[in-house]
Protein chains: 2
Amino acid sequence: MPQPPLRSAARYGTRPTMKDVAARAGVGLKTVSRVVNGEPGVTPETERRVQEAIDALGFRRNDSARVLRKGRTASIGLVLEDLADPFYGPLSRSVEEVARAHGALLINGSSAEDPEREQELVLALCARRVDGLVVIPAGDDHRYLEPELKAGVATVFVDRPAGHIDADVVLSDNFGGARDGVAHLIAHGHRRIGFIGDMPRIHTAAERLRGYRAAMEDAGIPVADSWMSLGVTGPERVRRAAEEMLSGTDPVTAIFAGNNRVTVTVIRVLAEQTRPVALVGFDDIELADLLQPGVTVVAQDAADIGRTAAERLFRQLDGTLVTPERIELPTRLITRGSGEIPPAD
Amino acid sequence: MPQPPLRSAARYGTRPTMKDVAARAGVGLKTVSRVVNGEPGVTPETERRVQEAIDALGFRRNDSARVLRKGRTASIGLVLEDLADPFYGPLSRSVEEVARAHGALLINGSSAEDPEREQELVLALCARRVDGLVVIPAGDDHRYLEPELKAGVATVFVDRPAGHIDADVVLSDNFGGARDGVAHLIAHGHRRIGFIGDMPRIHTAAERLRGYRAAMEDAGIPVADSWMSLGVTGPERVRRAAEEMLSGTDPVTAIFAGNNRVTVTVIRVLAEQTRPVALVGFDDIELADLLQPGVTVVAQDAADIGRTAAERLFRQLDGTLVTPERIELPTRLITRGSGEIPPAD
DNA sequence: CCCGAGTCTGACAACGTTGTCCAGGCTCTA
DNA sequence: TAGAGCCTGGACAACGTTGTCAGACTCGGG
């Protein structure tokens, strides 16, 4: 008869349960439960015996069974685009802190901007019966969440509103921020301003584009199609887009970058240019102040967004909150040099 | 009789169970289970009826109950220092990708470098019966994990070895990386080289310090105490430490920065200096190539570390892996300018 | 000495799912 | 047409915990 490897044997070795602890301590099952949960009504002597048995056996309460009985899991889910993105790290951390303050754990998943994967993740989290969900949506139809909402899963959307359902959403003033950033360039004398952004099906990208257009219109500047590059992702494509709008017959004198990744690539391209080109980016980036010139940005506070969303989530769980709302957080223009370069006409 | 708020009412509203689905579809409980899990032995007609009932009721399987029955949770835990740190974001993401490939979800927690909080988090994860744990330890005694290991919780430590228990560990060659980085500075003519690092109770910090000392000793350079600044955390204290070793009677001509956060602060300090000072940092930082001068670093590949650890974890779960091992990944010296500045004596 | 109140303890059901096992109806063959 | 074998469906127990409830024991007062 073949022996399974040792580790594997241990793996399937069963863990001690309250029943085992009770047997060893010579008490009833419920008494163990009482000790484990710090409930009153246990003599110090009994408690000592139980505690001893717990330590000796290395018992740990099985929270799955507990959840099954109690209904609450004390965990919340966070679905975002990519945890490796420097914007989401701090956001995730601040959500975790709020969760921790409420005794909850955080499960996160990256959707990679894929609507199908978003749904898959969200439903997996629901199957685990998370108490609440913070979702940075990739898709634009969230009707699949209706049964969950009805069942009372607290839900807050972040960065982009939910599609076809009525839910809380916390986001930055993408429109206003972009408008201010572009207006800043206009105020410094630019008229031919380029815009490089993500796919307009992404809400933030669309809003920032709208802000760009509004600023240009406010200043009475007609926008040439060749100044706008939409839906470019990946460094190579962004690079090509930037190079195209910098050359040609009607080259731009300034660029507004639609997100942090675009900004980084554009910085690289501009470093290779001979003539100075102004730049304002959406999202702050680390070390932006140490570059030559410093990078002017429209900053949003990721940690603040995360905290606001998480707090709202737990207020839903309290029952304090009833009506879904849209909360828009302000952005901040940080001038560091690159946005104040005059046009080199 | 007071009505609870609508949302709250929904919250405590019970979710449909397989029993409800079975009743609605007019079949037995187990038949529903079969359909949900794609098991064979159900007529297409019956399956259709069941599926209809599932959709109508918005049923989602309760994984807590499933786990209770099956033993496996298909989730793994990751405990790290701070998700907001740009080193851990990519690491976490790569662990998540491997988990996803194995159909598992990832729960993460930040220990904030606090041993007690680490233990608290790890035990909470074990109570949830995660199948495996990836731990970047804050503490140095992990005997509390013994019952878990015995029960078969797969465990891999990352970045620093476990204390007092025998477990897999995946880490960078901190000693060798630091030694090479410092030797690089020596090769460019420096003799008075400063070291700024984290508390030596942190394994990585101690190893990097050891690498610094080894490089200096190899070159026959005696090290002055005033050149070493250990256990400094927080930008202000790092700043003060850097300023001190740059002034005084025996100022350093080069600095080796022990981690990414120290590097960033030192860059700021150096930017304010009149004389040029060489710098090599441990960990790569974004945009390091665009600064003037570019920042020379000893880079470790966070994503690779995470992937290696996670893959090992799942091989433990397979039963493929039996004996704990120590896996050391190489670091890479990336020269960009700051490390090649000659001493300004 | 007895009774009531209060304290401590344990038996039992229930949470929602899956594994086991058996029943009944069908098809196929002799 | 009977018997064997297969296919489908369902009853039931079990997973480990917690809530309910009742029993046993202690103590103090009448």
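Residue numbers start from 1 in every chain, and the chains themselves are labelled A, B, ... in the order their sequence lines are given, proteins ahead of strands.
- For B:D55, there are no salt bridge (Lys or Arg N to Asp or Glu O under 4.0 Å) partners at least two apart in sequence or on another chain.
- Of the residues in residues 24-38 of chain B, those placing a heavy atom less than 4.0 Å from an atom of DNA chain D are B:V27, B:G28, B:K30, B:T31, B:R34, in numerical order.
- For the pair A:R69 CZ and C:dC12 P, the interatomic distance rounds to 16 Å; values are reported in whole Å.
- For residues 148-168 of chain A, the ring pair (Phe, Tyr, Trp, His ring centres under 6.0 Å) pairs, not counting sequence neighbours, are A:H142-A:F157.
- By the 4.0 Å N-to-carboxylate-O rule, B:E118 lies too far from B:R160 to be salt-bridged with it.
- Comparing the axis of the opening five pairs of the helix from C:dC1-D:dG30 to C:dA30-D:dT1 with that of the closing five pairs yields an angle of 60°, rounded to 10°.
- In the region residues 42-62 of chain B, proximity to DNA chain D at under 4.0 angstrom, judged on heavy atoms, holds for B:V42, B:T43, B:T46.
- In this structure, A:E120 pairs ionically with B:R100, as a charged nitrogen and a carboxylate oxygen lie closer than 4.0 Å.
- Nearest-nucleotide positions on DNA chain D for B:P40 and B:R129 put B:P40 closer to the 5' end.
- Between A:I305 and A:L171, every side-chain heavy-atom pair lies at or beyond the 4.5 Å cut-off.
- Side-chain contact check for B:V21 versus B:L57: some heavy-atom pair is nearer than 4.5 Å.
- Salt-bridge annotation for A:R24 and A:E52: absent, with no side-chain N of the basic residue lying under 4.0 Å from a carboxylate O of the acidic one.
- Under the 4.0 Å criterion applied to side-chain N and carboxylate O atoms, A:E311 and A:R307 are not assigned as salt-bridge partners.
- A salt bridge is absent between A:R34 and A:E47; no separation between the charged side-chain nitrogens and carboxylate oxygens falls under 4.0 Å.
- The pair B:K150-B:E146 does not meet the salt-bridge criterion, since no charged nitrogen lies less than 4.0 angstrom from a carboxylate oxygen.
- Between A:I107 and B:L106 there is no side-chain heavy-atom pair separated by less than 4.5 Å.
- If you measure from atom CE of A:M18 to atom C1' of C:dC12, you get 16 Å, rounded to the nearest angstrom.
- Classification of A:D140 and A:R201 as a salt-bridged pair fails, no side-chain N sitting under 4.0 Å from a carboxylate O.
- At a threshold of 4.0 angstrom between heavy atoms, the contacts of B:G41 are confined to the sugar-phosphate backbone, with no base atom among them.
- On the nucleic acid side, DNA chain D contacts chain B at distances under 4.0 Å to non-hydrogen atoms, with the end points of that region at D:dT8 to D:dG16.
- Nearest heavy atom pair, residue B:D168 against residue B:E325, reads OD1-N, 2.7 Å.
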